[in-house]
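Only one structure is covered here, and it is reproduced in the block below.
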Amino acid sequence: MIAPSDRTPLPRDFFDRPVLDVAPDLLGRILVRSTPDGPIALRLTEVEAYDGPNDPGSHAYRGRTARNGVMFGPPGHVYVYFTYGMWHCMNLVCGPEGRASGVLLRAGEIVEGAELARIRRLSARNDKELAKGPARLATALGVGRDLDGTDACAAGETPIRIVAGTPAPSHQVRNGPRTGVAGEGGNGDVHPWRFWIADDPTVSPYRAHAPRRRRS
DNA sequence: TAACCGATACACT
DNA sequence: GTGTATCGGTTAT
């Protein structure tokens, strides 16, 4: 169950900070997804920061487009993108409006509504896999492009909100190169902006960027 | 119009 | 644990 104190979304000020401050602070927080069938709550265990203007790994790096427009808007809103022609991934917009920074939600532990998540994640072999990976997380929560631009800080029965939860103590926070971003993880390791909770079984395995095989 | 992007499932070892 | 097949949307040309 969600405690009454957990019904209040984190304020917009929480997200209106440098993305590298927000990202680790999101670990241990609870994402509450309201669906017609009931709520699903997820404790965040792994995130990645993307800093629009400086960050070649960010969708916003090349400027504003129809797809990434939400990233350029006010903080505390949800940016959802479609990838691999099959899946969605979910981000939270951070920093001041126009900065186009965001945090990709990579993994978490379902703490309420697991029965609803299991229906969407039939291939998961156990509950730890329900949201282990960004597309799995979005699938488990039933998040698609229709939720792009949702305000996660709004009051009332919103589709998505982030509540305080129990922030991960800093001594349990680890960071390292981001998954699947070109140039990271090798000698470069220029952006060790993946943050996770140490030893948490729901954190996704690290995979270096796979070089593309030339199309024949 | 075509190149490019990228997370997962599953088969296999 | 490793290798491979899978796709539609986005962007630049």
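To find a chain, count down the sequence lines: A is the first, B the second, and so on, and within it residues start at 1.
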* Structure fact -> When rounded to whole Å, the NE2 to C1' distance for the pair A/H88 and C/dG8 reads 10 Å

* Asked: Whole-Å distance between B/dC10 P and A/R136 CZ?
  -> 10 Å

* Who are the ring pair (Phe, Tyr, Trp, His ring centres under 6.0 Å) partners of A/Y81, not counting sequence neighbours? -> A/H59, A/Y79

* Could you check which of C/dG9, B/dA7, C/dT6 has an atom nearest any side-chain atom of A/M86? => C/dT6

* **With A/D25 via salt bridge (charged side-chain N to carboxylate O under 4.0 Å, His left out) - residues at least two apart** => A/R17, A/R29

* Tell me who clusters with A/W196, hydrophobic residues only, linked when side chains sit under 4.5 Å apart either directly or through other members. => A/V203

* To do: Find the distance A/L104:CG to B/dC5:P and express it as a whole number of Å.
  => 18 Å

* **Donor-acceptor pair between A/S123 and A/R121 side chains, under 3.5 angstrom** => yes

* What is the distance, rounded to the nearest whole Å, between atom OH of A/Y61 and atom C1' of B/dC5? -> 17 Å

Polar-atom pairs under 3.5 Å, protein N or O versus N or O of nucleotides 11-13 of chain C: list them with distances, or write none.
from   : atom 1 : to    : atom 2 : distance (Å)
C/dT11 : OP1    : A/T65 : OG1    : 2.6
C/dT11 : OP2    : A/T65 : OG1    : 3.3

* Mind listing the residues from residues 118-126 of chain A sitting with a heavy atom below 4.0 Å of DNA chain B? Number order is fine. => A/R121, A/S123

* Asked: Would the number of heavy atoms belonging to other residues, nucleotides or ligands and lying under 6.0 Å from CZ of A/R145 be above 12?
  -> yes

* Take A/E46 and A/R194, measure what salt bridge (Lys or Arg N to Asp or Glu O under 4.0 Å) needs, and give me the verdict at the end. => CA-CA 7 Å; A/E46 181 189 355; A/R194 174 177 173 247; 2.7 Å; yes

* Specify the separation, in whole Å, of atom CZ of A/F82 and atom P of B/dA7. => 13 Å

* Asked: In chain order, what residues pass the side-chain hydrogen bond (donor to acceptor under 3.5 Å, both in side chains) check against A/R43, with sequence neighbours excluded?
  -> A/E109, A/D200

* **Rounded interatomic separation in angstrom, taking OH from A/Y81 and P from C/dT10** => 13 Å

* Would you mind reading off the distance between A/R145 atom CZ and C/dG8 atom C1', rounded to a whole angstrom? => 13 Å

* To the nearest Å, give me how far apart CG (A/L137) and C1' (B/dT8) are. => 14 Å

* Asked: Can the positive tip of A/R106 be found less than 6.0 Å from the middle of the six-membered ring of A/F195, inside 45° of the ring normal?
  -> no

* Output, in order, the C-alpha distance, side-chain angles, deciding distance and verdict of salt bridge (Lys or Arg N to Asp or Glu O under 4.0 Å) for A/D151 and A/R12. => CA-CA 9 Å; A/D151 184 358; A/R12 200 168 313 283; 2.8 Å; yes

